[in-house]
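One structure below.
Chain naming here is simple, since letters A, B, ... match the order of the sequence lines and numbering starts at 1 in each.
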Amino acid sequence: MPIALIDCNNFYASCEQLFQPALLGRPVVVLSNNDGCVVARSAEARALGIPMGAPWHTLKELARRHAVVALSSNYALYGDLSDRVMRILSRFSPCQEVYSIDECFLDLGGAQPNPAACGRLIHREIRRLTGITVGVGLGATKTLAKFANHCAKKRPEFAGVCPLFEMPSREADRLLAWAPVGEIWGVGRRLTARLEKQGIVTALDLKRAAPSRIRAAFSVTLERTVRELNGEACLGLMAGPGTRKQILSSRSFGALISALAPLEEAVAAYATRAGEKLRRQQLLAGSIGVFLRTNPFREDLPQNQGSLTLPLPPTDDTRLLAQTALRALRAVYRPGFAYQKAGVCLTDLVPADRRQGDLFVDAAQEKKSRSLMAAMDAINRAMGSGTVKLLAEGNDPRRAMRARLRSPRYTTRLDELPVARTEPSAAEQRTLPP
Amino acid sequence: MMRPDTSGPREAHLEAAGFPSPAADYRDTGISLDRALIDHPEATFFFRAAGADLEETGIFDGDLLVVDRSLTPGPGHLVVAVSDGEFVIKRAGALAESASGEVTIWGVVRWTIHRLCPSP
């Protein structure tokens with residue numbers, strides 16, 4: 001039962017190049033909220049050695065020399081193209097796990113008689129229908145599918161599709177020997193350093209390690225990874241080495257903020273965004289945390305940071321989330337500091353269908369809250385984020401996201417569509433057979 | 001696409017009164033321009049037409065173009081193509097080379113939507 005991992009190549013930069021063909025072949029970087037750091041690069045920007053996460057202001061010199069194009073994140077565009085890609089992929093299998101905005105697992109067992117041919121068809125069709133190029137990795141387990149995807153992208157001989165599951169084991173092992181252990185799903189930088197100390201350097205070393213030894217020296221999670229590398233499926237669709245345990249909504253302010261009132265508006269707005277994410281994933285939060293900090297790079301200013309987490313009856317009601325977040329904010333706020341960033345973090349997440357009965361919660365009241373939140377989400381989805389909001393969120397332009405370099409929302413706004421022209425000389429141009 | 005909601009309480013009320021609506025069997029889903037104009041939703045994108053001399057093609061300045069990437073252009077089809085880094089409307093079969101010598105087809109223009117009466 002091969003699992004496929006499909007991953008869009010340089011997704012954000014590809015979306016931009018699709019609607020601005022003049023950017024094709026040029027180094028393009030996409031910046032985070034507030035135009036702070038590089039969150040995506042085109043292949044050309046990658047080749048220049050621009051690192052992921054680099055603060056944009058440190059790159060200005062390099063950018064000038066190589067004519068790097070920097071763009072603000074255009075999430076409306078990326079989200080729409082992602083939806084299209086995911087819908088096309090869902091036709092290839094009834095079992096799909098959308099893992100992130102640009103990655104998804106498909107179970108190709110059963111539904112597809114020839115999974116490798118299916119992988120090549122996926123590669124071709126996504127490109128043809130959406131203009132986005134994907135890499136496809138096929139493996140016996142999710143961990144191997146992830147690794148096959150890495151090979152599909154990094155090794156040109158696969159032309160974007162690596163059918164690891166049907167390769168002779170000697171060949172598969174050669175690929176595993178080529179890859180550093182840090183390329184394996186769930187093996188982060190710190191774990192890599194610890195593994196290397198034990199002589200486990202390549203992915204093949206990890207595959208050949210004794211599971212019991214790994215469990216004793218590291219964790220059950222890593223033991224599972226070893227089993228998965230040996231073809232024993234331990235992770236079903238919708239499960240990963242670490243499942244999602246928190247929802248974060250935070251942002252740097254456009255300008256430093258010292259007064260409590262604008263901070264309250266910001267935190268209420270973040271709690272609202274986090275609530276939307278929570279409901280979209282059909283989860284309830286069991287606690288909410290607020291953090292607040294000054295700009296650590298402004299050594300000339302007094303520094304302060306604080307955070308506080310408060311418990312909640314498991315809820316997805318924005319009003320309760322915002323109320324509790326504001327209580328936490330008032331507890332950590334200190335006057336006299338210029339704050340640069342605040343955030344709200346929802347933790348202790350449980351699926352919404354496991355809503356616990358509570359003697360003190362009125363069931364009718366709760367049903368009312370759910371329909372109110374659903375209406376709020378529907379209006380904000382249809383009319384644009386922030387159309388309906390809590391009074392506490394306010395309307396402070398200092399907090400408005402800095403996104404001066406954002407491209408038009410080509411696929412979701414009628415007044416921002418791409419423009420196609422006829423050249424004046426079109427009639428005179430010579431005619432070629434079709 | 002929004003449609004007036006014709007389902008629901010009215011007929012339930014009639015049934016309760018003992019008169020099942022004879023129209024119930026014929027109720028249709030209504031007309032949706034999305035469904036009529038878009039065959040491949042994942043591959044369909046909208047463009048805005050611009051330029052002065054598009055009339056011979058039936059496309060006017062400011063028109064809304066429904067562009068489908070999934071179709072293979074046949075002779076005479078209008079396509080959105082990329083030429084010198086810009087989107088241009090061309091007739092397939094008349095794809096002349098641009099200055100840099102490369103024209104790629106982006107998608108086929110399936111419909112053009114032309115406004116006759118401005119919004120009040």
Side-chain angles (χ1 to χ4, degrees), chain A residues 15-26 28 69 77 80-92 122 124-132 134 378-379 382-383 408-434, chain B residues 2 40-57 59-100 102-107 109 112-113:
Chain A
C15 293
E16 300 286 356
Q17 288 170 323
L18 183 63
F19 287 98
Q20 295 183 69
L23 298 182
L24 281 167
R26 295 188 54 183
V28 176
V69 178
L77 176 66
D80 179 66
L81 284 165
S82 168
D83 286 350
R84 291 167 186 257
V85 169
M86 296 308 169
R87 277 204 306 269
I88 295 165
L89 290 174
S90 72
R91 293 188 208 131
F92 289 93
I122 285 173
R124 217 170 39 239
E125 283 295 276
I126 299 288
R127 165 98 210 157
R128 185 174 75 94
L129 299 176
T130 67
I132 298 292
V134 296
I379 292 171
M383 315 286 287
R409 290 163 289 188
Y410 297 110
T411 59
T412 53
R413 298 285 168 137
L414 264 185
D415 51 355
E416 299 183 21
L417 296 179
V419 172
R421 309 175 181 283
T422 291
E423 293 157 319
S425 56
E428 294 132 44
Q429 280 173 340
R430 68 201 152 91
T431 302
L432 295 178
Chain B
M2 302 276 278
H40 308 101
E42 289 85 17
T44 298
F45 297 87
F46 297 113
F47 278 71
R48 187 71 65 188
D53 65 339
L54 298 165
E55 283 78 0
E56 58 172 309
T57 62
I59 295 174
F60 294 82
D61 189 50
D63 280 3
L64 181 70
L65 307 176
V66 181
V67 175
D68 191 334
R69 287 182 60 93
S70 72
L71 303 177
T72 313
H77 279 166
L78 288 169
V79 299
V80 168
V82 175
S83 167
D84 295 327
E86 290 208 4
F87 291 118
V88 290
I89 303 164
K90 286 178 177 285
R91 210 174 273 288
L95 289 177
E97 286 175 23
S98 70
S100 63
E102 208 186 320
V103 177
T104 52
I105 293 180
W106 201 94
V109 181
T112 176
I113 298 170

Side chain, backbone, both or neither: which part of A/Thr411 has a heavy atom under 4.5 Å from chain B? side chain
CG of A/Leu417 to CZ of B/Phe45: how many Å apart, nearest 0.5 Å? 12.0 Å
Is chain A contacted by the side chain of B/Thr44, its backbone, both, or neither, given a heavy-atom distance below 4.5 Å? backbone
So do the side chains of A/Pro21 and B/Glu86 get within less than 4.5 Å of each other, counting heavy atoms only? no
Do you know which of B/Val67, B/Val80, B/Val82 has the most heavy-atom pairs under 4.5 Å to chain A? B/Val82
Could you tell me the separation between the NE2 atom of B/His40 and the CZ atom of A/Arg84, rounded to the nearest 0.5 Å? 13.0 Å
N/O donor-acceptor pair under 3.5 Å between B/Trp106 side chain and A/Leu18 backbone: yes
Where the side chain of A/Arg128 meets the backbone of B/Ser70, is there a donor-acceptor pair that is under 3.5 Å apart? yes
Distance, nearest 0.5 Å, that separates OG1 of A/Thr130 from CD of B/Glu42: 10.0 Å
Non-hydrogen atoms of chain B under 4.5 Å away: do they reach the side chain of A/Leu414, the backbone, both or neither? both
Under a 4.5 Å heavy-atom cut-off, does chain B meet the side chain of A/Arg91, its backbone, both or neither? side chain
